[in-house]
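Being a predicted model, the structure only gives us computed values, none of them experimental. Atom set for the values below is all heavy atoms of this structure, side chains included, hydrogens, waters and symmetry mates excluded.
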Amino acid sequence: MENNNSYDVRGSQSRIFRLFCFDKEGLVHMTFYRIAIFVALLLVVSMSVGVVYAKTPFINSTRVLVLLLWILFTPQLFETAKAMSVIASRGIVFGRLNESFMKYGVKKNSSYAMLGALPYLVLLVWTIGFLGVIKLWFI
């Protein structure tokens, strides 16, 4: 049963700029996500036009839109890798935990360093792929 008396103090979920005060990463994530929706729609139109007129979906505008979508998807990929690190470390990596808890309540684990680096390694591979696609299509 739903309680109609509840109130979300963070504000309406449709107003993403409310995140600016307390979650800048979330703001980047949601802004890029919403822009990516429109770029994906333009990509579908561009591919359709390419198939009808050029007999191939990969005309130059499609290639540019794919690269733009690749860039817009980057924060989603980073946040997913970061969430996987947080989950795998049970909140130790990237967590905002009490200093005394971190000092006395957490056993040091060598995998935490690798989990902390995981999102950045994923971004490195993602960037190498992006540069490879640019070289393949445009150079």
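If you take CE on Met47 and OG1 on Thr56, they are separated by 8.5 Å, rounding to the nearest 0.5 Å. Rounding to the nearest 0.5 Å places OG1 of Thr74 at 9.5 Å from CG of Leu69. In this structure, the separation between CD1 on Ile134 and CG on Leu136 is 11.0 Å, given to the nearest 0.5 Å.
Within the structure, every pair that satisfies the side-chain hydrogen bond (donor to acceptor under 3.5 Å, both in side chains) test and touches residues 36-52, not counting sequence neighbours, is listed here: Ser46-Ser61, Ser46-Thr62. Residue pairs satisfying the salt bridge (Lys or Arg N to Asp or Glu O under 4.0 Å) criterion with at least one member in residues 120-139, sequence neighbours excluded, are absent. Pairs of residues two or more places apart, or lying in two chains, never qualify as salt bridge (Lys or Arg N to Asp or Glu O under 4.0 Å) while including a residue from residues 113-128. The ring pair (Phe, Tyr, Trp, His ring centres under 6.0 Å) analysis of residues 32-61, with sequence neighbours excluded, yields the pairs Phe58-Trp137. Counting only residues at least two apart or on different chains, the salt bridge (Lys or Arg N to Asp or Glu O under 4.0 Å) pairs with a member in residues 71-89 are Glu25-Lys82.
Scanning for side chain to side chain contact (heavy atoms under 4.5 Å, CB included) contacts around Phe73 gives Gln76, Leu77, Trp126, with sequence neighbours left out. Looking at residues two or more places apart in sequence or on another chain, you find a side chain to side chain contact (heavy atoms under 4.5 Å, CB included) between Val51 and Pro57. The side chain to side chain contact (heavy atoms under 4.5 Å, CB included) check on Val64 picks up Phe138, with sequence neighbours excluded. Partners of Ser89 according to the side-chain hydrogen bond (donor to acceptor under 3.5 Å, both in side chains) rule, which considers only residues two or more places apart in sequence or in another chain, do not exist here. Ile35 pairs by the side chain to side chain contact (heavy atoms under 4.5 Å, CB included) definition with Thr31, Val39, Leu72, not counting sequence neighbours.
Residues Phe78 and Val93 are members of one and the same hydrophobic cluster, defined by side-chain heavy-atom contacts under 4.5 angstrom among Ile, Leu, Val, Met, Phe, Trp and Tyr. When the side chains of ILVMFWY residues are joined at heavy-atom separations under 4.5 Å, either directly or via intervening members, Val28 and Met30 end up in two distinct hydrophobic clusters. Using a 4.5 Å cut-off between side-chain heavy atoms of Ile, Leu, Val, Met, Phe, Trp and Tyr, with links allowed through other members, Val45 and Ile37 fall into different hydrophobic clusters. Transitive grouping of hydrophobic side chains (ILVMFWY, heavy atoms separated by less than 4.5 Å) keeps Met114 and Ile92 in distinct clusters. One hydrophobic cluster holds both Leu42 and Val66 under the rule that ILVMFWY side chains link at heavy-atom gaps under 4.5 Å.
The hydrophobic cluster around Ile128 extends to Leu124, counting ILVMFWY residues whose side-chain heavy atoms fall within less than 4.5 Å of a member.
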Pairs under 3.5 angstrom only: tabulate donor-acceptor contacts from the side chains of residues 115-123 to other protein residues two or more places apart or in another chain.
none

